**Q** 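Below: one structure in structure tokens.
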Protein chains: 2
Amino acid sequence: MNSPVHKPTSIKDIARIANVSSSTVSRALHNSHLISRRTAERIQSIAKESGYSASAIARGLVTQRTKTIGVVVTSISDPFVSDVVNGIEEYANDHGYSVFLANSNAEPERETKVVQSFSERRVEGIVVTSSRVGALYRPLLSEMRIPIVLVNNQHPGEFVNSVLIDNVKGSADVTNHLIQLGHRRIAYIGDRFGYQSDMERLTGYREALERADLPFTPELVVHGDGKCEGGMIGVEMLLSLPKSPTAIFCYNDMTALGALRQLNLKKISVPGDISVIGFDDLFIASFTQPPLTTVRQPRRLMGRLAMESLLKLISGEDSATTIKVPAELIVRESTAPPREDLQ
Amino acid sequence: MNSPVHKPTSIKDIARIANVSSSTVSRALHNSHLISRRTAERIQSIAKESGYSASAIARGLVTQRTKTIGVVVTSISDPFVSDVVNGIEEYANDHGYSVFLANSNAEPERETKVVQSFSERRVEGIVVTSSRVGALYRPLLSEMRIPIVLVNNQHPGEFVNSVLIDNVKGSADVTNHLIQLGHRRIAYIGDRFGYQSDMERLTGYREALERADLPFTPELVVHGDGKCEGGMIGVEMLLSLPKSPTAIFCYNDMTALGALRQLNLKKISVPGDISVIGFDDLFIASFTQPPLTTVRQPRRLMGRLAMESLLKLISGEDSATTIKVPAELIVRESTAPPREDLQ
DNA sequence: ACTGTCTTTGCACACGTTTGCGAAGATGCG
DNA sequence: CGCATCTTCGCAAACGTGTGCAAAGACAGT
């Protein structure tokens, strides 16, 4: 009646019922060829009707393989992160792995605590997404020898495997798209100074200009903050130039959102007067006014690739240390040829 | 050099170094009062410098407590879900629990497989968010006696604990807000027929009308699909009425998004000609044109409450079977008094 | 009938930890 | 000094499963 702890049926219980040894039961449940079909089926039916559920922890203890991995994220609320985790979980689950999830909230001490916990749980691998504290993993990694894969890490050291987006190529695609539309004065609103992804996107922008024999104009590059406010301020700065740009490439969609809002406030038509383009293809990008041209990161794919890479590491293969995935330009309605009188 | 599997140092290794028994080491690491301070400190320092990491699985095997819980979600990519999970993970982690995450993709067979996996992993509890297959858990629940908490489940059976949003109250708040602004013809664009949350929101809407002595007009209630398209079609239907409503209450923000889009297409001003209001307070709600008045669900709080409830169940307490959390009206710029000539 | 091979099963140990119990030593009290 | 109590530690069992090895039985070949 009131049994607070209900002991699940074990392999020994079944052995007793079937009148065999526990090792026979273990083998029968694994369809070992060492057991005759008759007794195997008999044991399996007993197991089924007694509601047997094998203990993964006992198995893990003896096999030394837990079939679990840990993923640590800054915040699962971040839409980018949750999509990546979606891909990781899917791939992991399809390969018999369960995943531990932990938020770090970008706090280093919490991050170490989480990794320590994963270590005690004997996860076979770890994937870290969007963390800025990559260096922190070096001692832990070498000490406990757990394979680690980073995805879109801000400071990917050479010592770990990682999958990351091809920022340079994606950014060049954006710029080329604008150039082909006829734009010649193209601005860039970046993130805060020093972020690797921001620098890479700036690089792509400059390379594309150079290839098209267009001049690089330092005044057309301003810094935002990766958020809405930065986009608004960035636009304000660009509009105060003696000659405004005809197109604005924003570091990410949030920045573009701010840019759109500020342009709307100023009664400047998009894309009639100025074209705007973002990066990330957040859910919101297709619902702005006008729908935003942007660059899509294959987030779920990146998660799957990270997990695939991790499984290779676990099985002992030396997989490629870094995987670079292509970004995809998504053309919507916020970009158009420049007004003729402004060209 | 090439040791593919690196055995972590165990309690026995430390015992050998410290020249004591393994049980002494175990107690020393737990700061047991059975061990003298001197030897305890000696052992702890040895453990630290040898990089010892206790095996949670071995511990779990003997203590019969894994300190893990499982959370199964339809999709972690859903912003509602990811916020709830954020709250769950935070509360769980603060109480020493690790969480397994698994997507069900709303596929029943995958859901059972996942729960089976959790069972084998000997999780101490399970929380399920936004699932429609609640009934599926009854046999599993009774069979393996694992505490389960549901959050915002579509069919919360009486047999499980659950935390859910107060749809009726939130919906009544919305309707009252519109009534106080002076609206008398208020429309409702619902979800597909038969969903519990939709029916509850409709109930709140009707109750508020009744309390204000306003008539309930069946033509003003149309069905959407919980998505953007449903909102667009719903608006179209409402505009074809002989007398259009002056305000539209949408089942959720996505529906409201569609409504805004369609109204914009028809050159109908919001909130000048028609007020629009949503439900959920998705991230996007503050970025629409105009920013959307809506109802906020305290998603992280719901996650924390679910985990708190689950921990009580695990410790044997009979916690309240259902927790109802209040929704909060967020007034932005998509609602205003009706045009005087339309009142 | 003897030997050898193949099939099927059980014994025993291992995985790494916790914990009840007993024992040894230290200490206190009369 | 005798005895009781307290402190500190080790022994051994247990958790539930997997697996090498031996053994028992079945069977075929000579």
Side-chain angles (χ1 to χ4, degrees), chain A residues 5-44 46-47 50-68 96 117 119-124 144, chain B residues 5-44 46-47 50-68 96 117 119-124 144:
Chain A
V5 280
H6 180 72
K7 264 205 174 187
T9 66
S10 81
I11 226 174
K12 291 184 182 176
D13 302 325
I14 299 178
R16 199 177 313 116
I17 298 176
N19 214 18
V20 294
S21 77
S22 60
S23 48
T24 301
V25 176
S26 174
R27 285 192 254 255
L29 295 178
H30 284 305
N31 283 322
S32 164
H33 64 281
L34 290 179
I35 304 296
S36 71
R37 281 182 56 90
R38 278 202 33 179
T39 55
E41 286 171 359
R42 189 165 60 91
I43 290 174
Q44 282 167 9
I46 292 178
S50 67
Y52 173 73
S53 170
S55 167
I57 51 177
R59 173 183 301 146
L61 184 56
V62 52
T63 62
Q64 300 286 67
R65 305 208 49 192
T66 56
K67 285 282 194 174
T68 60
S117 161
S119 164
E120 294 193 353
R121 296 237 124 93
R122 297 293 189 264
V123 298
E124 298 183 19
M144 56 198 195
Chain B
V5 280
H6 179 71
K7 263 206 173 185
T9 66
S10 81
I11 226 173
K12 291 183 182 176
D13 301 325
I14 299 178
R16 199 177 312 116
I17 299 176
N19 214 18
V20 294
S21 78
S22 60
S23 45
T24 300
V25 176
S26 174
R27 285 191 253 258
L29 295 178
H30 285 304
N31 282 322
S32 165
H33 64 281
L34 291 179
I35 304 297
S36 71
R37 281 183 56 91
R38 276 201 35 179
T39 54
E41 286 170 359
R42 189 166 58 92
I43 289 175
Q44 283 167 7
I46 292 179
S50 67
Y52 173 72
S53 169
S55 167
I57 50 177
R59 174 183 300 144
L61 184 57
V62 51
T63 62
Q64 300 285 65
R65 304 208 51 192
T66 55
K67 286 283 195 172
T68 59
S117 161
S119 164
E120 294 193 354
R121 296 237 125 94
R122 296 295 188 263
V123 298
E124 298 183 20
M144 56 198 195

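Heavy-atom basis, side chains included; hydrogens, waters and symmetry copies ignored. All of these numbers come straight from a predicted model, not from anything done at the bench. Protein chains get the first letters and strands the later ones, always in sequence-line order, with residue 1 at the start of each.
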**Q** State, to the nearest 10°, the angle formed by the axis through the first five base pairs of the helix from dA1(C)-dT30(D) to dG30(C)-dC1(D) and the axis through its last five.
**A**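 Rounded value for the end-axis angle: 50°.
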**Q** Determine, stepwise, if the pair V20(A) / T39(A) fulfils side-chain contact (heavy atoms from CB on, under 4.5 Å).
**A** CA-CA 9 Å; V20(A) 294; T39(A) 55; 5.7 Å; no
**Q** Once you round to the nearest 0.5 Å, how far does CD of Q64(B) lie from OG of S55(A)?
**A**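 Taking CD in Q64(B) and OG in S55(A), the distance rounds to 8.0 Å.
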**Q** Nearest 0.5 Å please: distance from the CZ atom of R59(B) over to the CG atom of L61(A).
**A** 13.0 Å
**Q** Testing I46(B), D13(B), L29(B) one by one against Y52(B) for a side-chain contact (heavy atoms from CB on, under 4.5 Å), which residue passes?
**A** L29(B)
**Q** I'd like to check the salt bridge (charged side-chain N to carboxylate O under 4.0 Å, His left out) partners of R38(A); sequence neighbours left out, ordered by chain and number.
**A**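 Salt bridge (charged side-chain N to carboxylate O under 4.0 Å, His left out) list for R38(A), sorted by chain: empty.
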**Q** Can you name the side chain to side chain contact (heavy atoms under 4.5 Å, CB included) partners of S53(B), sequence neighbours left out?
**A**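 Testing S53(B) for side chain to side chain contact (heavy atoms under 4.5 Å, CB included), a comparison that skips the adjacent residues, returns Q116(A), S119(A), E120(A), R122(A).
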**Q** Each nucleotide in nucleotides 14-24 of chain D should get exactly one letter: B, S or -. Can you fill that in based on protein heavy atoms under 4.0 Å?
**A** -BBBBBB----
**Q** For S23(A), which residues count as a side chain to side chain contact (heavy atoms under 4.5 Å, CB included) partner, sequence neighbours excluded?
**A**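 Expected list: S21(A), R27(A).
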**Q** In Å and rounded to the nearest 0.5 Å, what is the OG1 to CG distance from T24(B) to N19(B)?
**A** 10.5 Å
**Q** Return the minimal non-hydrogen interatomic distance between K67(B) and E124(B), and the atom names on each side.
**A**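 For K67(B) versus E124(B), the nearest heavy atoms are N-OE2, 2.6 Å.
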**Q** Please list, in 5' to 3' order, the outermost nucleotides of DNA chain C lying under 4.0 Å from any heavy atom of chain B.
**A**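 Contact boundaries, 5' end first: dC15(C) to dG20(C).
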**Q** When rounded to the nearest 0.5 angstrom, what distance separates CZ in R16(A) from CD1 in I11(A)?
**A**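 Reported value, rounded in 0.5 Å steps: 12.5 Å.
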